[in-house]
**Student:** 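Provided herewith is a single structure, encoded as structure tokens, for subsequent inquiry.
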Amino acid sequence: MKNQQNFPVYKLVIIGANGGIGLQCVEQALQAGHLVTAILRNPAKLTIEHPNLKKVSGDVMRPGTFEDHFENQDAIISAIGVAGGFGADKPTTLYSEGNANVLKVMDQKGIKRLFLISASAIEISPVLPFYVRLIEKYVVQKLLKYMYADLRKMEILVKQSNNIYWTIVRPPQLTNQTVSGKYRIAIDTFLKNCLKISRADVAHFIINNISNQATYNTIVEIGY
């Protein structure tokens, strides 16, 4: 199946569809002509209406609430995230257990493609400016220690998964700028001066690399 631009049309499931990156993924996937199933705890919070959009209630921590919506899908985008900023960091298993549930259901349904959102600062990049490395190590990693600990667990379990073509996206500081489509990426290595990226451009990368085999089973840093 193809859209008017002669590009493939994918059936995409977007989990955490009302979050910053998730919402952008929904909007851009629909603009590109894809068929989107948006899974979120309260579908009423997603105000977008579109003939190619199906909004359903689901909780990533309870596989029984979303497994039926994985039937006959081409790819899963997991854009889940804990609420709040620096001050809201508390022990969590959302990323590790939630995405473990996603992987299990994908295996059951025979779905191969998965995108996940992590964070660049969970690993101190040697190609960042010295002062940024200090801030990440002594400020960011300490303030977000619980979230980052769970993201590390998530990355380990994803790397151990079989028969899944996964891409872990590690963005730096996120902004609310509109989509530009102009950014740099580094695959399985560190991106020099990876300092900022908009949520919209993270989504742009995801939606435009669904079938890019160069990103299969890789960690991608992205930034301006």
**Student:** Is there a path of hydrophobic side-chain contacts, each under 4.5 Å between heavy atoms of I/L/V/M/F/W/Y residues, joining Leu144 to Val139?
**Tutor:**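 Yes, because Val139 and Leu144 connect within a single hydrophobic cluster, where side-chain heavy atoms sit under 4.5 Å apart.
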**Student:** Between the side chains of Tyr224 and Asn193, is a donor N or O closer than 3.5 angstrom to an acceptor N or O?
**Tutor:**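 Their side chains do not contain a donor-acceptor pair, so the 3.5 Å distance test is not met.
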**Student:** Between Asn52 (side chain) and Leu30 (backbone), is there a donor-acceptor pair under 3.5 Å?
**Tutor:** no
**Student:** Might you point out which heavy atoms bring Ala17 and Leu46 nearest each other, and give the distance in Å?
**Tutor:** O-CD1, 3.8 Å
**Student:** Could you report the tightest heavy-atom contact between Ala200 and Val179, atom names first, then the distance?
**Tutor:** CB-N, 3.5 Å
**Student:** Run the side-chain contact (heavy atoms from CB on, under 4.5 Å) check on Ile76 and Phe70 step by step: do they pass?
**Tutor:** CA-CA 8 Å; Ile76 310 298; Phe70 277 29; 3.9 Å; yes
**Student:** Below 4.5 Å, heavy atoms only, C-beta onward: do Pro171 and Ile117 meet side chain to side chain?
**Tutor:** yes
**Student:** Using the rule that Ile, Leu, Val, Met, Phe, Trp and Tyr join whenever any side-chain heavy atoms are under 4.5 Å apart, tell me whether Leu174 and Tyr183 fall into a single cluster.
**Tutor:**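 As far as the 4.5 Å side-chain criterion goes, Tyr183 and Leu174 are connected within one cluster.
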**Student:** Determine which pairs satisfy side-chain hydrogen bond (donor to acceptor under 3.5 Å, both in side chains) with at least one residue from residues 128-156, sequence neighbours left out, and list them in order.
**Tutor:**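 For residues 128-156: Ser96-Asp150, Ser118-Glu155, Glu155-Arg170.
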**Student:** Would you compute the distance between atom OG1 of Thr218 and atom OH of Tyr165 and round it to the nearest 0.5 angstrom?
**Tutor:**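 Going from the OG1 atom of Thr218 to the OH atom of Tyr165 covers 13.5 Å.
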**Student:** What residue pairs, at least two apart or across chains, pass salt bridge (Lys or Arg N to Asp or Glu O under 4.0 Å) with a residue in residues 24-46?
**Tutor:** Arg41-Asp59
**Student:** Between Ile124 and Ile168, is there a shared hydrophobic cluster once you connect ILVMFWY residues whose side-chain heavy atoms come closer than 4.5 Å?
**Tutor:**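 Ile124 and Ile168: separate clusters.
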**Student:** Can you find a heavy atom in the side chain of Met147 that is under 4.5 Å from one in the side chain of Tyr95?
**Tutor:** yes
**Student:** Any chance you could measure Leu191, atom CG, to Leu195, atom CG, to the nearest 0.5 Å?
**Tutor:**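 Rounded to the nearest 0.5 Å, the CG-CG separation comes to 9.0 Å.
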**Student:** Do Met61 and Val105 share a hydrophobic cluster, counting only Ile, Leu, Val, Met, Phe, Trp and Tyr and linking them when any side-chain heavy atoms are less than 4.5 Å apart?
**Tutor:** yes
**Student:** Check Ile222 against Pro172 and note the closest heavy-atom contact, atom names and distance.
**Tutor:** O-CD, 2.9 Å
**Student:** When you compare the side chains of Asn209 and Thr215, does any donor N or O come within less than 3.5 Å of an acceptor on the partner?
**Tutor:** no
**Student:** Decide side-chain contact (heavy atoms from CB on, under 4.5 Å) for Ile14 and Val36; before the verdict, give the C-alpha distance in whole Å, the side-chain angles of both, and the deciding distance to 0.1 Å.
**Tutor:** CA-CA 7 Å; Ile14 300 174; Val36 176; 3.8 Å; yes
**Student:** Closest heavy-atom contact between Ala203 and Ile21?
**Tutor:**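 Minimum heavy-atom separation between Ala203 and Ile21: CB-O, 4.1 Å.
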**Student:** Look at the rings of His34 and Tyr10 and say which category their plane angle falls in: under 30° parallel, 30 to 60° tilted, over 60° perpendicular.
**Tutor:** tilted
**Student:** Donor-acceptor check, side chain of Arg113 to backbone of Ile164, threshold 3.5 angstrom: yes or no?
**Tutor:**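 It does not hold such a pair.
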**Student:** With sequence neighbours left out, which residue pairs that include part of residues 63-80 fulfil the side-chain hydrogen bond (donor to acceptor under 3.5 Å, both in side chains) condition?
**Tutor:**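 Residue pairs with at least one partner in residues 63-80: Glu71-Lys109, Ser78-Asn99.
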**Student:** Do Ile207 and Leu12 make a side-chain contact, defined as non-hydrogen atoms from C-beta onward lying under 4.5 Å apart?
**Tutor:**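 They are in side-chain contact.
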**Student:** When you compare the side chain of Val169 with that of Leu116, does any pair of heavy atoms fall below 4.5 Å?
**Tutor:**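 No, side chains not in contact.
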**Student:** If I compare all heavy atoms of Arg62 with all of Asn101, which pair ends up nearest, and what's the gap?
**Tutor:** N-ND2, 4.3 Å
**Student:** Could you measure the distance from the CG atom of Asn163 to the CG atom of Leu103? Nearest 0.5 Å is fine.
**Tutor:** 11.5 Å
**Student:** Under the side-chain contact (heavy atoms from CB on, under 4.5 Å) criterion, do Val140 and Ile135 qualify, and how do the steps go?
**Tutor:** CA-CA 6 Å; Val140 179; Ile135 292 171; 4.2 Å; yes
**Student:** Are Ile197 and Thr175 side-chain neighbours, meaning at least one heavy-atom pair lies under 4.5 Å?
**Tutor:**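 No, side chains not in contact.
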**Student:** In Å and rounded to the nearest 0.5 Å, what is the NZ to CG distance from Lys196 to Asp201?
**Tutor:**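 It is 14.0 Å, given to the nearest 0.5 Å.
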**Student:** Can you tell me how far apart CG (Leu151) and CG (Leu94) are? Round to the nearest 0.5 Å.
**Tutor:** 9.0 Å
**Student:** Are any non-hydrogen side-chain atoms of Val102 and Val60 less than 4.5 angstrom apart?
**Tutor:** yes
**Student:** I'd like to know if Glu221 pairs up with Arg184 as an ion pair, taking the criterion as any Lys NZ or Arg NE/NH1/NH2 lying under 4.0 Å from an Asp or Glu carboxylate oxygen.
**Tutor:** no
**Student:** Rounded to the nearest 0.5 Å, how far apart are CG of Leu114 and OG1 of Thr167?
**Tutor:** 8.0 Å
**Student:** Verify side-chain contact (heavy atoms from CB on, under 4.5 Å) between Val26 and Ile48, making sure each step is shown before the conclusion.
**Tutor:** CA-CA 9 Å; Val26 171; Ile48 300 171; 3.9 Å; yes
**Student:** Please determine whether residues Ile210 and Ile187 belong to a single hydrophobic cluster, defined as Ile, Leu, Val, Met, Phe, Trp and Tyr linked transitively by side-chain heavy-atom distances below 4.5 Å.
**Tutor:** yes
**Student:** Any idea which heavy atoms bring Ala38 and Leu53 closest together, and the distance?
**Tutor:**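 For Ala38 versus Leu53, the nearest heavy atoms are CB-CD1, 3.9 Å.
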